[in-house]
Amino acid sequence: MSKSIRTKAKPLGKNAKPSIPAPAAPPAADRLHWDDFELLLALTRSTTLSGAALRLAVNTSTVGRRLDALEQRLGLHLFDRSPAGLAATELARALVPVAESIEHAVADGMRVVEGRETEPEGVVRITAPPGLANWFLAPAIVELRRRYPGLRIDLEAAVGYADLTRREADLALRIRRPLTGDLVALRLAREASIVVASPALCRRIGRLDDLDAIPWINWGPDLAAFPDARWIAEQVDPAQVVLRSSSMDAQIQAARAGLGAMLMTRPFAAWTDLTEVPMTRALRERAAALPIGELWLVGHRALRDVPRIRAVWEYIVEQSAGFQR
C-alpha cells in the first residue's frame, strides 16, 4: 500500500508575506500596434517630426510625444535626433519592411470594404500638379457635385507623386505614365506646347520673328528639368527671362498681366484666357520643335469599380474630351 508523500512547508517569519512571481514582460511584438508602424513609416519617409506630422495630419508635438512613448514602451531606441532631422537606427530600418507589409494589408482591407459601396458617395482623394488642380479640376467639381451630391473631394495640388498603392490618394493626374504598381492608367492628352501671352501683348508683338525680342516667363530652378523649362533655357537668351517661378499660378497671373510669354498646351491656354503668339514661318523653321507633353489619369486597379471612384474617373475623362489624345 503506497503512502502519500508530503513536503513540509518552511514556516514564514512573523512579518513575512508569500512571494508572488512578477508577471513576465510581454515580448516587444505584443507592445506594437498599427499606429506605431504608421508612425515609424511617416518618420522614416519624411526624416523630420514636422514632415511626419503633415503625413499623419497631427501637430509636431504630438508626433514627438508618440515617438517618445513608443521608444519607452519598447525600451529601445528607434531614431537619432539632430538639428538636421531624424536618422533611423538599424532597428527602425529593419522594421520598415514589416510596417510596409502591414500598410499594404490595411489598404487591401479598405479596398474590400469600399468594394461593397452601391452609390457614388463619400470622399475621393485626387492629386494633381498645381496648374491642373487649380485651373482644370477645381472648377469642374461644381458640376461633379451637382451630379453626385453625396461625393466629397479632397484635392491635393502637388508636384510630387502620391503613392496610390499606399492609399495616399485614390486618383491622380500625372504627366508621365506609371511604370510600377498595380495601377490602371488612361492617357487623357498628348499635345505640343504653344507660346502664349496676354491678348494685349500679342497685339503689340504682331507676328514674332525672334524669340529674344520678347520677355519670357519660365519655371524655377527646382523644376528646370521640365521639358518646357529646358526648351526656353535652350532657345531664349537668359537675359530675356524676366520671371522664374515654381508656381504655375504665379506664371499664369504674370502672363495675364502682360509681363511676358510662356509655354503651355492649347487647352490650358483656353482656361486661362491667354492667346497663342503667332510666329513667322522662318522662326518656326529656325527654332527647335516645341516639347510634347502627356497627361495621364491613374488609379489603383482594385478601386477602379468602387462607385465613387468610377464616377469621378468617368467624369474626369468626360471633361478632358476636348484634349488631343
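Numbers here simply count residues along the sequence, with the first being 1.
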key: Any side-chain donor near an acceptor of the partner, Ser247 and Asp249, under 3.5 Å   = no
query = Of all heavy-atom pairs between Leu132 and Phe268, which one has the smallest distance, and what is that distance?
reply = N-CZ, 4.1 Å
inquiry  = Using every non-hydrogen atom in the two residues, find where Gly206 and Pro278 come nearest and quote the distance to one decimal.
reply    = O-CG, 3.3 Å
inquiry  = Give me the atom names and distance for the closest heavy-atom approach of Arg176 to Trp296.
reply    = C-CD1, 3.6 Å
key: Donor-acceptor under 3.5 Å (Thr272 side chain, Ala269 main chain)   = yes
request  = Name all residues meeting the ring-ring contact (aromatic ring centres under 6.0 Å, His included) criterion together with Phe79; count only those two or more places apart in sequence or in a different chain, and write none if there are none.
outcome  = none
query = For the side chain of Thr265 and the backbone of Glu191, is there at least one donor-acceptor N/O pair under 3.5 Å apart?
reply = no
key: Pairing residues for Asp273 by the salt bridge (Lys or Arg N to Asp or Glu O under 4.0 Å) criterion, not counting sequence neighbours   = Arg256
query = If only atom types and distance count, is the side chain of Asp237 paired as donor or acceptor with the main-chain N or O of Gln240 below 3.5 Å?
reply = no
Parallel, tilted or perpendicular: ring planes of Phe136 versus Trp271, cut at 30 and 60 degrees = parallel
task = Kindly give the heavy-atom pair with the smallest separation between Ala53 and Val63, and that separation in Å.
result = CA-CG2, 3.7 Å
Within 6.0 angstrom of Arg281 CZ, more than 12 heavy atoms from elsewhere = no
remark   = Looking only at heavy atoms, the pair that brings Arg145 and Leu151 closest together is NH1-O, 2.9 Å
ask   = Are more than 12 heavy atoms from other residues, nucleotides or ligands located less than 6.0 Å from atom CZ of Arg286?
value = yes
query = Looking only at heavy atoms, which two atoms of Met264 and Ile252 are closest? And how far apart?
reply = CE-CG1, 4.0 Å
ask   = Considering residues at least two apart in sequence or located in another chain, which fulfil the ring-ring contact (aromatic ring centres under 6.0 Å, His included) criterion with Trp313?
value = none
query = Any chance CD of Glu285 has more than 12 other-residue heavy atoms, nucleotides or ligands included, within less than 6.0 Å?
reply = yes
